[in-house]
Amino acid sequence: MTNKRKTLLSGVKPTGKPHIGNYFGAMKQFVDLQGDYGRTLIFIADYHALNNVQNREEMNNNIYEIALDYLAIGLDPKNVTIFKQSDIPQHSELAVILNSITTMSYLMRAHAYKDAQARNKEISVGTFDYPMLMAADILMYDADVVPVGQDQKQHIEITRDIAEKFNRIFGETFKIPEPLILENVATVPGTDGKKMSKSYNNTIGLFAEDEEIEKAVMSIVTDSKAPGDTKDPEKDNIFALHKLFSKEQLSDLEKRYKEGGISYKESKEILIENIKKIIKPLREKRKELEKDKEYVLDILREGGDEMRARAEKKMQEVRDKIGTKLYE
Ligand code: AMP
Ligand code: TRP
């Protein structure tokens, strides 16, 4: 089947400013692939975010901001339907149905749940059930391909399992989706070398101002090798980011690392310049878009209307399959 007959779907939680890990791990794929598929559906996972964001203004603002982010990185509403999850109550309905055919012990095996457990956190039922809502998001639209970062791989596997289980019990209903994870950006490291993540405070903002970029890069943790020492690029947190931002200079940088021909300070300075070059146009486009809030909200509203109609059609089929539909 050519991609033109396939559906690509993905989403991001509106939990605050996106960072370059979100961008290279997932969002950039949305932009790069948007013309290739028959349908590209990119949504805002606001009910997923509700497990963390429990403040009216903050939620309101975060949703609008991520819509701006989507447009600023280059998602084109001509190619992509952009919408928010909460505009389609059918997602929640489907999640309730999927809950019924899923066991607690199965969900207890999820990494995200186990991590939260390990950190001894009080976990909301919504967090525990996160994979079921995510499965509903994906299965609702018969998505073929779901571009995400590595940390979401298990959630796609759970989605596949649950779709197969539903199909087994009630008959062929859902398409089995494939994850799309690009190997070299599956896990973008942060300034401390761990996975870049808001919760680790090691991020570089996707729309950061120049001074923020400088500050973040200067804080990248290195070992204590002197400028003239030979350095192993594969063990350096600065070099890990050069791989994303300094493609053209990469072999030269690698050589200089190995020969002891570059200091970490200079490496950081080069990185700063290259990050600025990529971020500046995105940041400027975002500032332009900020001038017309109604335009951005209209895109969400229209996307919601379109997808609600599609979701309702799918749910008619689902209700029929499970036997709750008695009349038109
Ligand atoms: P979230 O903000 O958790 O909704 O994440 C949005 C997308 O970014 C998901 O597809 C994640 O897998 C991806 N992502 C988040 N952090 C990273 C990272 N450090 N490296 C690669 N991908 C990431
Ligand atoms: N769980 C995803 C994340 O944290 C966000 C998300 C929710 C998602 N529903 C989705 C991603 C459906 C892809 C498809 O990044």
Side-chain angles (χ1 to χ4, degrees), residues 7-31 33 40-53 62-63 65-66 69-70 73 82-86 88 91-92 94-95 98 110-113 115-116 126-160 162-163 175 177-206 216 237 240-241 243-244 307 311:
T7 296
L8 177 144
L9 172 141
S10 193
V12 175
K13 281 178 297 192
T15 47
K17 294 191 169 109
H19 51 70
I20 59 171
N22 300 131
Y23 181 63
F24 284 100
M27 294 165 81
K28 185 167 183 294
Q29 276 68 266
F30 308 169
V31 181
L33 298 171
T40 305
L41 312 176
I42 302 295
F43 73 100
I44 300 171
D46 49 355
Y47 279 151
H48 279 117
L50 187 60
N51 291 297
N52 308 101
V53 181
N62 283 358
I63 293 171
E65 300 261 333
I66 197 112
D69 299 340
Y70 278 160
I73 60 171
I82 302 175
F83 62 103
K84 76 179 164 77
Q85 187 185 41
S86 60
I88 329 287
H91 288 220
S92 308
L94 182 53
L98 299 179
H111 301 313
Y113 171 72
D115 290 350
T127 300
F128 180 64
D129 201 35
Y130 189 109
M132 291 295 104
L133 181 57
M134 179 153 165
D137 299 334
I138 297 170
L139 300 177
M140 185 69 83
Y141 306 105
D142 294 312
D144 297 275
V145 175
V146 185
V148 283
Q150 179 69 27
D151 58 5
Q152 296 301 312
K153 187 168 185 233
Q154 193 190 35
H155 286 148
I156 312 290
E157 281 161 7
I158 293 174
T159 302
R160 291 168 59 92
I162 202 72
K175 205 170 235 182
E178 296 283 344
L180 188 120
I181 300 171
L182 295 190
E183 209 177 305
N184 54 339
V185 287
T187 306
V188 175
T191 51
D192 57 359
K194 283 197 287 187
K195 176 187 128 175
M196 187 174 286
S197 165
K198 250 166 275 169
S199 30
Y200 301 151
N201 243 326
N202 62 357
T203 62
I204 302 176
L206 177 56
N237 297 328
L241 293 175
K243 286 184 181 168
L244 303 175
M307 299 323 286

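We count ligands from 1, going down the list as the structure has it; atoms in each ligand are counted the same way. Keep in mind the model is a prediction, meaning the values are calculated, not measured. Residue numbers start at 1 and run along the sequence shown.
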May I ask you to check whether His155 has an N/O atom sitting below 3.5 Å from an N/O atom of ligand 2?
no

Please report whether ligand 2 has a polar contact with Asp137, defined as an N or O pair separated by less than 3.5 Å (distance criterion only).
yes

Which atoms from ligand 2 have a heavy atom of [X] less than 4.0 Å away?
X	result
His48	7 (C), 9 (N)
Tyr130	1 (N), 2 (C), 3 (C), 4 (O), 5 (C)
Lys13	4 (O)
Leu9	14 (C)
Ala45	7 (C)

Does the N or O separation between [X] and ligand 1 drop below 3.5 Å for any pair?
X	value
Val12	no
Thr15	no
Asn22	yes
Lys13	yes
Val188	yes

For ligand 2, note which part of [X] has a heavy atom under 4.0 Å away: side chain, backbone, both or neither.
X	value
Gln85	neither
Val146	side chain
Asp151	neither

Under 3.5 Å, is there a donor-acceptor pair linking the side chains of Ser86 and Asp46?
yes

Numbering the atoms of ligand 1 from 1, which are under 4.0 Å from a heavy atom of [X]?
X	value
Ala26	7 (C), 8 (O), 10 (O)
Val148	10 (O)
Thr187	20 (N), 21 (C)
Ala186	20 (N), 21 (C), 22 (N)
Lys195	19 (N)
Val185	21 (C)
His19	16 (N)
Gly25	21 (C), 22 (N)

Out of Val148, Ile158, Ile181, which one pairs with Lys153 under the side-chain contact (heavy atoms from CB on, under 4.5 Å) rule?
Ile181

Heavy-atom side-chain proximity of Leu8 to Ile42 below 4.5 angstrom
yes

The reported gap from CG in Leu139 to CZ in Arg160 (rounded to nearest 0.5 angstrom) is 11.0 Å

So for atom NZ, which belongs to Lys198, do other residues, nucleotides or ligands contribute more than 12 heavy atoms lying within a distance under 6.0 Å?
yes

Side chain to side chain contact (heavy atoms under 4.5 Å, CB included) between Gln152 and Met134, worked out:
CA-CA 10 Å; Gln152 296 301 312; Met134 179 153 165; 3.5 Å; yes

Apply side chain to side chain contact (heavy atoms under 4.5 Å, CB included) to the pair Ile204 and Leu241, showing each step before the final yes or no.
CA-CA 11 Å; Ile204 302 176; Leu241 293 175; 3.9 Å; yes

Looking at ligand 1, would His48 count as a contact under a 4.0 Å heavy-atom criterion?
no

Proximity winner for atom 13 (C) of ligand 1, if only heavy atoms of Gly149, Ala45, Ala49, Gly16 are counted
Gly149

Please walk me through it: do Asp69 and Leu206 pass side chain to side chain contact (heavy atoms under 4.5 Å, CB included)?
CA-CA 9 Å; Asp69 299 340; Leu206 177 56; 5.8 Å; no

Considering heavy atoms of the protein only, find what lies nearest to atom 5 (C) of ligand 2 and give residue, atom and distance to 0.1 Å.
Gly11 O, 3.6 Å

Tyr141-Phe43 aromatic ring centre distance below 6.0 Å
no

